Colleague: 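Sending over a structure as C-alpha cells; questions will come in a sec.
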Amino acid sequence: MEKRKNILFFIADQLRADSLGCMGNTEAATPNYDALSEEGILFENAFCQSPICVPSRCSFNTGWYPHTNGHRTIHYFLEKEDPSMMKSLKKNGYHVYLMGKSHYFDRQDEAEMAATCDLEYIGCEMSTNAIHRIGQSVSKEEISANPYYYSFYFGEMSKEAAAKTQDDLVIERTLAMIQNHELKEPFCLYVSLNLPHPPYEVEEPWFSMIDRTSIKIQTQPIEHLKDKPSILYRIRENQNLTKLTEKDFQEIKATYYGMIAKLDHQLGRVLGALKEQGYYEDTHILAFADHGDFTGDYGLVEKTQNTFEDCLVHIPCIIRPAQGTPFQPRTSSSLVELNDLPQTVAELLHYELDYTQFGKSLTALFENEMELHEYVLSEGGRIQGEKQAMEGYTGKASIYWPRLEAQTRMPEHSKAFMVRSDQYKYVYRLFEKDEFYDLTADPWEEKNVVDDQRYRLEIAKMKDWLLKKLIETTDNVPMKTMLPGRTYGEE
C-alpha cells in the first residue's frame, strides 16, 4: 500500500503578493519563498475572498464565499456544524497540528477543537506586540503631537521582546516537533504566523536588512484621486498621516519588508527541518497569505474591510507537490482563488469533500495552463443597521481607531463585491459609486473609469457574471437533509 503523503500549510498574515522576489520585487529579501516557487508552482494571480483575516480564513478553510453563510466579519467564526479543511483531514485519517493563529473557529469549544485538530499550540497572545503596549491613558495632545501615532510604525524591536512573540514560540515548538519526530503520519502541519501583520516592527538583523533608498512609493495619496471609495478618504483623514514625508513611508515599507525577511527565514527553518528529518519529499507544501496590506499605498496603512485594491486582495500562493505527484515546476498566470484550496487538498490527498463548496482544484494547473476562473471574487462591508458586522468602536488611544471610526459610518462601510479579470476590475458598491479600472493602463487603480462609455459592455458583462455567481453561491443545503435509502445521481 502506497504511503500517504503529508501536508504543510505555511500561512502569512497580511502579506502582499508584490512583496516577494519571485513576484518581481527587487527591494525585498525572500530567498526561501523564491526557491520554493522555482521548485513548485507559483500562482502569480491568486486572490483572497476578503481583505480582512477572519472572513478570508473562513473562506479558504471551507471553499465558501464570505456571503454564503454570512462569514464576512472580523468576529463571526465558523459555526459548530460548518465544515473545514482541518475537519475533512481529520475525518480522512490525518493527524492535524494547528501551530499559531487559526482565527476561523471557536477554540474554546472542546468538541469543535477535537473535531478540528489533534494538537493546538498558539505560543503566547502577542504579549510583546506593540499594539498591546499602548495604554488607554494617551492624551489627545500626545496623539496630535506624534505624526506616527496612527501609522502602525514602531520600528526596531528589541531582541528581548522579539524572543517572546507568538511567532517565535510557535516556530520553536514546530521545529522541536519535527526534529523529535512527534508528528504522527500522515500529518497536516498548519503553521499560521502573525508576520508581517502591523504594527511595522522587527528586530535585527531584519530591521536594517532593507535599503531604504531603494523603496519606491508607487501611488498618489488618496486625496489626489477621484471617485475612490469614501472609506479611504475617511481613514486617511483619521490617520492624520499628511505630515509624513515620502522618506517616512519608505521607512514604513522597509520595516514591513524586514518583517517579511524574518517570515522568509522562518519558512526556511521549517523546510530545512523537514528535509533534515526525511519528511520533505513526502510532504505537499502550500505557502500563501490570508490578505495584503496598504503599507503606504494611497498614503494609508493597514487594511480596510470593504475595498479591494490589489495590495489588499492579491496574495502570494505557492504549491510544491510531494514526490510522485504529476506536476511541472512553473509559474501559472491563471486566475485562482484561495477558495480553491479545499478541493485542491482533497484531490492531492485522495478523499472526497462531503459538503457543497465552490472552489476548483488547482491540480488542473499543475502541468498545463488553462482558464480555471474567468473572474475572481472578493467582498466585504455591511448593510445599513447591521451592527453585528462592525468591529466595535473604541477610543482614540487605539491605533485602530481611524478605521474603526470610519466603519461606524455609511456609505463608508457599505457592502461591496469585487469582480476581477486579468485585465479589468469592477466593484459593485451598495450605497455609493461603483468602481471600474483598466488594469493594463492603470495598474495602481488610481483612475476610476466606471462612467467611461468605452467600458460599458465589459461592465455589463461583469455585472451579469456577479449576479449569476451570487445566485449559484448564495447558500448551501446541508448534506444531512439527504434521505436514507434513496439513490442520488448527478443530472
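Worth saying up front: this structure is predicted, and the values here are computed from it rather than measured. In this chain, numbering begins with 1 at the start of the sequence shown.
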Colleague: Whether the Ser19 and Asn25 side chains hold a donor-acceptor pair (N or O, under 3.5 Å, no angle test) is what I'd like checked.
Modeller: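 Their side chains do not contain a donor-acceptor pair, so the 3.5 Å distance test is not met.
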Colleague: Short question: side chain of Arg403, backbone of Trp401 - any donor-acceptor pair under 3.5 Å?
Modeller: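 No, Arg403 side chain to Trp401 backbone: no donor-acceptor pair under 3.5 Å.
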Colleague: Before giving the answer on side chain to side chain donor-acceptor pair (under 3.5 Å), spell out for Thr295 and Asp293 the whole-Å C-alpha distance, their side-chain angles and the decisive distance to 0.1 Å.
Modeller: CA-CA 6 Å; Thr295 335; Asp293 187 271; 2.7 Å; yes
Colleague: Establish, from distance only, whether the side-chain atoms of Ser37 and Asp34 form a donor-acceptor pair under 3.5 Å.
Modeller: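 Their side chains do not contain a donor-acceptor pair, so the 3.5 Å distance test is not met.
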Colleague: Return the orientation label for the Tyr33 and Phe10 ring planes: parallel under 30°, perpendicular over 60°, tilted otherwise.
Modeller: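 Rings of Tyr33 and Phe10: perpendicular, over 60°.
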Colleague: Under 4.0 Å between a Lys/Arg side-chain N and an Asp/Glu carboxylate O for Arg16 and Asp297?
Modeller: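 Salt bridge flag = yes for Asp297 with Arg16.
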Colleague: Under 3.5 Å, is there a donor on one side chain and an acceptor on the other for Ser334 and Glu369?
Modeller: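 Ser334 vs Glu369: donor-acceptor pair found between side chains.
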Colleague: Quick one: does NZ or CZ of Arg236 land under 6.0 Å from the six-membered ring centre of Tyr150, within 45 degrees of the ring axis?
Modeller: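 No, Arg236 and Tyr150 do not form such a contact.
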Colleague: Any chance NE2 of His103 has more than 12 other-residue heavy atoms, nucleotides or ligands included, within less than 6.0 Å?
Modeller: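 For His103, atom NE2 is not crowded (no more than 12 foreign heavy atoms under 6.0 Å).
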Colleague: Give me the one residue out of Glu412, Glu223, Glu405 that meets salt bridge (Lys or Arg N to Asp or Glu O under 4.0 Å) with Arg234.
Modeller: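 Result: among Glu412, Glu223, Glu405, Glu405 is the only option passing the salt bridge (Lys or Arg N to Asp or Glu O under 4.0 Å) with Arg234.
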Colleague: For Phe366 and Phe327, take the angle between the two ring planes, folded into 0 to 90°, and tell me which bin it lands in: parallel under 30, tilted 30 to 60, perpendicular over 60.
Modeller: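 Answer is perpendicular, since the angle exceeds 60°.
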Colleague: Distance from Glu347 atom CD to Gln343 atom CD, nearest 0.5 Å?
Modeller: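 Here the interatomic distance stands at 5.0 Å.
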Colleague: Does a donor on one side chain and an acceptor on the other come within less than 3.5 Å for Lys228 and Tyr298?
Modeller: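 Checked: Lys228/Tyr298 side chains show no N/O donor-acceptor pair below 3.5 Å.
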Colleague: For the NZ atom on Lys447, are there more than 12 heavy atoms of other groups (residues, nucleotides or ligands in this structure) within a distance under 6.0 Å?
Modeller: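 Count not over threshold, so no.
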Colleague: Is the shortest heavy-atom distance from the side chain of Asp451 to the side chain of Lys433 under 4.5 Å?
Modeller: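 Asp451 vs Lys433: side chains touch.
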Colleague: Hydrogens and angles aside, do Asn194 and Asp13 bring a side-chain donor and acceptor to less than 3.5 Å of each other?
Modeller: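 No, Asp13 and Asn194 have no side-chain donor paired with an acceptor closer than 3.5 Å.
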Colleague: Parallel, tilted or perpendicular: which describes the rings of Trp206 and His265, with under 30° parallel and over 60° perpendicular?
Modeller: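 Ring orientation of Trp206 relative to His265: tilted.
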Colleague: Just by distance, with hydrogens left out, do Ser50 and His291 show a side-chain donor and acceptor under 3.5 Å apart?
Modeller: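 Short answer, no.
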Colleague: Pick one: which of Glu39, Glu38, His284 meets side chain to side chain donor-acceptor pair (under 3.5 Å) with Arg320?
Modeller: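 It is Glu39, the one option of Glu39, Glu38, His284 that forms the side chain to side chain donor-acceptor pair (under 3.5 Å) with Arg320.
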Colleague: Within the 3.5 Å criterion, strictly below it, is a donor on Tyr149 or Asn240 matched to an acceptor on the partner's side chain?
Modeller: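 Judged by distance alone, the side chains do not pair up.
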Colleague: Without hydrogens or angle criteria, can the side chains of Arg409 and Ser230 be said to hold a donor-acceptor pair below 3.5 Å?
Modeller: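 Their side chains do not contain a donor-acceptor pair, so the 3.5 Å distance test is not met.
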Colleague: Is Glu391 reaching over with its side chain to a backbone N or O of Leu404, donor-acceptor style, under 3.5 angstrom?
Modeller: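 Not a single qualifying donor-acceptor pair exists.
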Colleague: With no hydrogens and no angle check, just 3.5 Å: does a side-chain donor-acceptor pair link Tyr355 and Gln357?
Modeller: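 There is no such pair between these side chains.
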Colleague: How long is the gap from CZ on Phe43 to CG on Leu365, to the nearest 0.5 Å?
Modeller: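 The CG atom of Leu365 is 5.5 Å from CZ of Phe43, to the nearest 0.5 Å.
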Colleague: If you measure from the Lys or Arg side-chain nitrogens to the Asp or Glu carboxylate oxygens, is any gap between Lys415 and Glu386 under 4.0 Å?
Modeller: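 A salt bridge is absent here (no side-chain N lies under 4.0 Å from a carboxylate O).
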Colleague: Between Glu458 and Tyr426, do the side chains contain an N or O donor and an N or O acceptor separated by less than 3.5 Å?
Modeller: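 On atom types as modelled, these side chains do not qualify, holding no pair under 3.5 Å.
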Colleague: Side chains of Gln14 and Lys303: any donor to acceptor distance under 3.5 Å?
Modeller: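 The answer is yes; a qualifying pair exists.
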Colleague: Angle class for the Tyr153/Tyr148 ring planes (parallel below 30°, perpendicular above 60°, tilted otherwise)?
Modeller: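 Tyr153 vs Tyr148 ring planes: tilted.
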Colleague: Let me confirm one number: the CG-CE distance from Leu430 to Met410, rounded to the nearest 0.5 Å.
Modeller: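 It is 8.0 Å, given to the nearest 0.5 Å.
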Colleague: Out of Asp442, Asp438, Asp310, which one pairs with Lys425 under the salt bridge (Lys or Arg N to Asp or Glu O under 4.0 Å) rule?
Modeller: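 Output: one option passes, namely Asp310.
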Colleague: Is Asn339 reaching over with its side chain to a backbone N or O of Gly359, donor-acceptor style, under 3.5 angstrom?
Modeller: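 Side chain of Asn339 to backbone of Gly359, a donor-acceptor pair under 3.5 Å: no, none is there.
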Colleague: Given Tyr65, which partner from the list Glu337, His71, Gln49 fulfils the side chain to side chain donor-acceptor pair (under 3.5 Å) test?
Modeller: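 Exactly one candidate clears the test, Glu337.
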Colleague: Roughly how far apart are Thr440 OG1 and Asp422 CG, rounded to 0.5 Å?
Modeller: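 Between Thr440 OG1 and Asp422 CG, I get 7.5 Å after rounding to 0.5 Å.
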Colleague: Would one find more than 12 heavy atoms of other residues, nucleotides or ligands at under 6.0 Å from atom CD of Glu352?
Modeller: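 Not more than 12 within 6.0 Å, no.
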Colleague: Does a side chain donor of either Glu309 or Thr307 reach within less than 3.5 Å of an acceptor in the other side chain?
Modeller: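 Yes - a donor-acceptor pair under 3.5 Å links their side chains.
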